[in-house]
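First the structure, in the form of structure tokens, and then the observations on it.
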Amino acid sequence: MGRKASKASGNIFYIARIQAAERDGSFSSREKAALQLGIERSRLARIELNKIEPYAEEVLIMSKEYDAPYLCVDYCNNTCPIGMERALGKVRKIENQDSLERLSLRFLSSAQSIDDISRKLVNISKDGQVTEEEYESFHKVLHAMDELSDNIKSIKAYISSHPVLKSRFDMDLHI
């Protein structure tokens with residue numbers, strides 16, 4: 001196996017390649033991986049070192065070859081302008097008018113129902129199928145989960161739009 005790249009250790013593409021190398025030796029070095037992926041070795045190095053953003057097509061190739069579908073999700077949510085716009089669609093309307101306190105209260109309100117949502121989800125899914133009688137309840141569970149997710153995204157969007165907070169949390173925000 002190739003040497004560990006300490007400068008790339010936190011990069012999602014590097015991590016995916018190293019995990020793939022545990023299953024398939026053809027990803028054990030950038031040179032071997034580049035041949036397998038059809039991406040120039042120096043370009044792969046720059047991607048893994050956060051010097052350039054990969055093209056969407058490259059992300060698709062790496063996702064498939066590394067067996068790491070999360071690469072596409074991460075790319076769409078954090079790099080692709082279209083994906084980021086879609087992910088923030090609802091949030092952008094909220095963030096300009098609400099304070100962090102108000103967003104936090106909304107989150108806490110939606111989070112209070114977690115136990116109830118969890119119980120309902122377990123009851124619905126325990127037999128491995130959703131019956132006709134369970135569809136309405138399942139719809140409510142999904143709606144509650146969406147509301148919780150939207151509240152989390154709103155708080156993250158607030159932080160990423162706040163100049164002081166953004167500089168402190170920029171690496172941790174995955175909206």
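Remember, it's a predicted structure, so these values are computed and weren't measured experimentally. By convention here, the first residue in the shown sequence is residue 1. All heavy atoms count here, side chains included; hydrogens, waters and symmetry mates do not.
In this structure a side-chain-to-backbone donor-acceptor pair under 3.5 Å is present from Ser104 to Leu100. Side chain of Ser109 to backbone of Leu105: no donor-acceptor contact under 3.5 angstrom is found. Side chain of Ser149 to main chain of Met145: no donor-acceptor pair is present (N/O by atom type, distance under 3.5 Å, no hydrogens or angles).
The shortest non-hydrogen separation linking Ser63 to Pro69 is OG-CA, 3.3 Å. The two atoms that bring Phe13 and Met62 nearest to each other are CD2-CE, 3.7 Å, heavy atoms only. Listed here is the closest heavy atom pair of Gln19 and Tyr70: OE1-OH, 3.3 Å. Smallest separation of non-hydrogen atoms from Asn151 and Ser110: ND2-OG, 2.9 Å. In terms of heavy atoms, Ser26 sits closest to Asp24 at OG-OD1, 2.7 Å.
Taking hydrophobic clusters as Ile, Leu, Val, Met, Phe, Trp and Tyr residues chained together by side-chain heavy-atom distances below 4.5 Å, Ile124 shares a cluster with Tyr135. Leu35 and Leu44 end up in different hydrophobic clusters when Ile, Leu, Val, Met, Phe, Trp and Tyr side chains are linked at under 4.5 Å. Grouping the Ile, Leu, Val, Met, Phe, Trp and Tyr side chains by contacts below 4.5 angstrom, directly or via other members, places Val130 with Ile117. Both Leu108 and Leu103 are part of a single hydrophobic cluster, where members link through side-chain heavy atoms under 4.5 Å apart.
The CG atom of Leu71 lies 10.0 Å from the CD1 atom of Ile15; values are rounded to the nearest 0.5 Å. Interatomic distance, CZ of Arg106 versus CG of Asp150, reported as 10.5 Å (0.5 Å rounding). In this structure, CD on Glu147 lies 5.0 Å from NE2 on His143, to the nearest 0.5 angstrom. Between the CG atom of Asn50 and the CG atom of Asn11 there is a distance of 4.5 Å, given to the nearest 0.5 Å. A distance of 11.5 Å separates NZ of Lys156 from OG of Ser154, quoted to the nearest 0.5 Å. Note that the CZ atom of Phe138 and the CG atom of Leu121 stand 6.0 Å from one another [nearest 0.5 Å].
Side-chain contact between Arg30 and Arg17 is present, with at least one heavy-atom pair separated by less than 4.5 Å. Residues Leu148 and Ile114 have side chains in contact (heavy-atom distance under 4.5 Å, counting atoms from C-beta outward).
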Show, in sequence, the C-alpha distance, side-chain angles and deciding distance for Tyr14 and Ile47, and conclude whether the side-chain contact (heavy atoms from CB on, under 4.5 Å) test is met.
CA-CA 8 Å; Tyr14 171 76; Ile47 290 168; over 6 Å; no

Test side-chain contact (heavy atoms from CB on, under 4.5 Å) applied to Lys32 and Phe27, step by step
CA-CA 6 Å; Lys32 290 179 182 179; Phe27 299 115; over 6 Å; no

Dump the intermediate steps for side chain to side chain donor-acceptor pair (under 3.5 Å) on Glu134 and Thr131, then the final yes or no.
CA-CA 5 Å; Glu134 295 170 326; Thr131 64; 3.2 Å; yes

Sequence neighbours left out, cut at 3.5 Å: what donor-acceptor pairs do the side chains of residues 51-58 make with other protein atoms?
from	atom 1	to	atom 2	distance (Å)
Glu58	OE1	Arg43	NE	3.2
Glu58	OE1	Arg43	NH2	3.0
Glu58	OE1	Tyr55	N	2.7
Glu58	OE2	Arg43	NE	2.5

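The pair Asp116-Lys120 meets the salt-bridge criterion, since a charged nitrogen lies less than 4.0 angstrom from a carboxylate oxygen.
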